[in-house]
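Heavy atoms only: backbone and side chains are in, while hydrogens, waters and symmetry mates are out. First the proteins, then the strands, lettered A, B, ... as listed; each starts at 1.
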Amino acid sequence: MSGFLSLHGIRKEFNGVVAVDTFDLDVEPGEFVSFLGPSGCGKTTTLRMVAGFEQPTAGTIRLAGKDVTYAKANERNIGMVFQSYALFPNMTVAENIAFGLRVRKEEGSARSDRVSELLDLIHLPDKAKSYPNELSGGQQQRVALARALAIRPQLLLLDEPLSALDAKIRDDLRAEIRRIQRQLNITTIYVTHDQEEALALSDRVVVMSKGRMEQVGEPFEIYNNPATGFVASFVGQLNRLPVTVEDPALGRIRMGRNELRTTSMIEAPTGAGVSLMMRPEEITLDDAEENVLEGIVETVTFLGSIVRVQVGVEGSKVIADLFNERLLELPEAGDSTRISFPPHACWVMA
Amino acid sequence: MTISTAPIPVSTDAEAPEAPARRNRFWAWVIFIMTAVYFLIPLGATFWWSLRAEADKLGFEAYRRLFEDANFWPSFTESVVNAVAAIFLSLLIIVPTAYWVTLRLPRLRPVVEFITLLPFVIPAVVLVFGLIRLYGRPPLLLTATYDSSRVLLICAYAALSFPYMFRSVDNGLRAMDVRSLTEAAQSLGAGWPTILRRVIFPNLRVALLSGALLTFAIVIGELTIALFMAQQTFGPYMANLTRSKVYEPSAMAVVAFALTWAAMGTIALITRPGKRG
Ligand SMILES: Nc1ncnc2c1ncn2[C@@H]1O[C@H](COP(=O)(O)OP(=O)(O)OP(=O)(O)O)[C@@H](O)[C@H]1O
Ligand SMILES: [Mg+2]
């Protein structure tokens, strides 16, 4: 059973250099999927192949049951939103939104109805006659979204649409994009290198690295059960401690003098050197019954709602994120402290 | 106490760069005035001479005679038509070429740029002989009649305009995000003709106008090629006038100069910063 949009065995080379390799993905109708990964990992290239701006070196792309691998970009009926907005500077907001409808030779009155419908959708009904250079970045990107949606596309593609905007506007527009996507129930692919954006927006996230898919899953799954070391360290902060395996079946490990425990089995023999991973927010500075390590506080950073404490433990650095509670007594650099983490919140990787 | 002393060094720092700027402006003025004098004295002298057609008094007699000359308006009109035709031909060749090079073949840019510069390198005399030798023989025989020669002349003028046209269009294309605009239009369903007509051309308006006016200024008084192709255009008319009349050529020169400067002034006005493109 293949999805509404299905990418199968997609590969793209530029002059022999591989940009995307063995990319397989099925997207369900109405689903919001993000491509997340560091710069140069092939997110844009994959998106451009879906849009029809690049042709894959190998593989097939199917959209709504049709093979569109080599279809022309202007025959795919796919809406696209660019990082740089790409509004036509010679046209007003209304003309920009109507562009695709004019190209489709849609009738004048139907066209203007659709334009005002979209202006309402993006909450800019009074900007119809403005030119793009008279709008703020956030407003321009809303217009670009409306323009892409005006043609009732089968698929909406967004390539880092928020990265040119200020933090505050970025958050507002992020929520706006999700609201509109839900309202129209339009199948969407969203490219970003911002993990928070991907986790907050998506039904599913595709984490990519060096042209390959590392993991596909729901945000919760990606964050809590990262499939690879790359995903674990790219999505969210992660602590990594060198440990040796004591009893693989019981999840027992050792770090120096300290006995530690995880709740899952370990796929490595006794005595093997592995890494123990845990999220900073799982670590507490309270005393606990097990998984306790002693260390020295190195830095304390105030980040608003959380306080980030870096602790040196037997030559390794451990980051602990504590909630900023008014009654919390903050440690200071140089203090000796104990850190602990629950056995269910840590896992072992090679 | 310490707070009040702090701003003083900061403010002198901020003023420091102004002195060299002022000196630069002084030299800029000196050079500007010298250049202006260099151009204005001959022009003024020409104008002065053109006013002396009647004995013992200054007046516009030479201009009146010039405008009443039976050949003035026909040759002028012919040149204007040639110029407009050359501009359109040049636009039709240069805009799609520059667009395609920017979009798809950026590595070929230097090559294309060099080709468009050839009219600067090849003297007009060489160019016209080449054209006549190539197109004047069978099977083309473009020089056989006056009208077919005129077509060839317009093509030659279009080629002469390439350096200016390409530069203007190229600048215009660099000022916009050609690739994203093109892809945005494509994803909305537009094909190449629509993209060129509704997105690229309108956003190049200013660049196209300046290229067009420069072309106009060159073509309107062009002599060499027109002469060798036996065309009765404005250039040969002016040259002929110089040989047969005393005061009219000066009046002519002033008129031609005014035309060119009107073209230049229009460019400056259109491309003035702060205006919507
Ligand atoms: N037109 C091209 N020609 C040659 N190489 C290209 C081309 N486009 C992309 N690449 C290469 O393909 C790889 C993937 O690029 P891509 O733009 O898809 O990355 P990305 O994940 O979108 O990165 P970013 O977050 O920086 O936008 C990069 O190594 C890039 O250099
Ligand atoms: Mg990208």
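When only modelled atom types and interatomic distance are considered, A/Glu197 and A/Tyr190 share a side-chain donor-acceptor pair under 3.5 Å. A donor-acceptor pair shorter than 3.5 Å cannot be found between the side chains of A/Arg142 and A/Gln139.
Heavy atoms of A/Phe88 lying under 4.5 Å from chain B belong to its backbone as well as its side chain. Within the 4.5 angstrom heavy-atom criterion, only side-chain atoms of A/Arg48, from C-beta onward, approach chain B. Only the side chain of A/Arg104 comes within less than 4.5 Å of a heavy atom of chain B; its backbone N, CA, C and O stay farther away. Heavy atoms of A/Ile151 lying under 4.5 Å from chain B belong exclusively to its side chain. In this structure, chain B has no heavy atom under 4.5 Å from any part of A/Leu101. Proximity to chain A (any heavy atom under 4.5 Å) is shown, for B/Arg198, by both the backbone and the side chain.
Ring pair B/Tyr164/B/Phe120: centre-to-centre distance below 6.0 Å. Aromatic ring centres of B/Trp29 and B/Phe32: separated by under 6.0 Å.
Remark: B/Trp261 CH2 is loosely packed, at most 12 non-hydrogen atoms of other residues, nucleotides or ligands lying under 6.0 Å away.
Using cut-offs of 30° and 60° on the angle between ring planes, the pair B/Trp192 and B/Tyr99 is perpendicular.
With chain A as partner, the option from B/Gly191, B/Gly189, B/Ser180 having the largest number of non-hydrogen pairs under 4.5 angstrom is B/Gly189.
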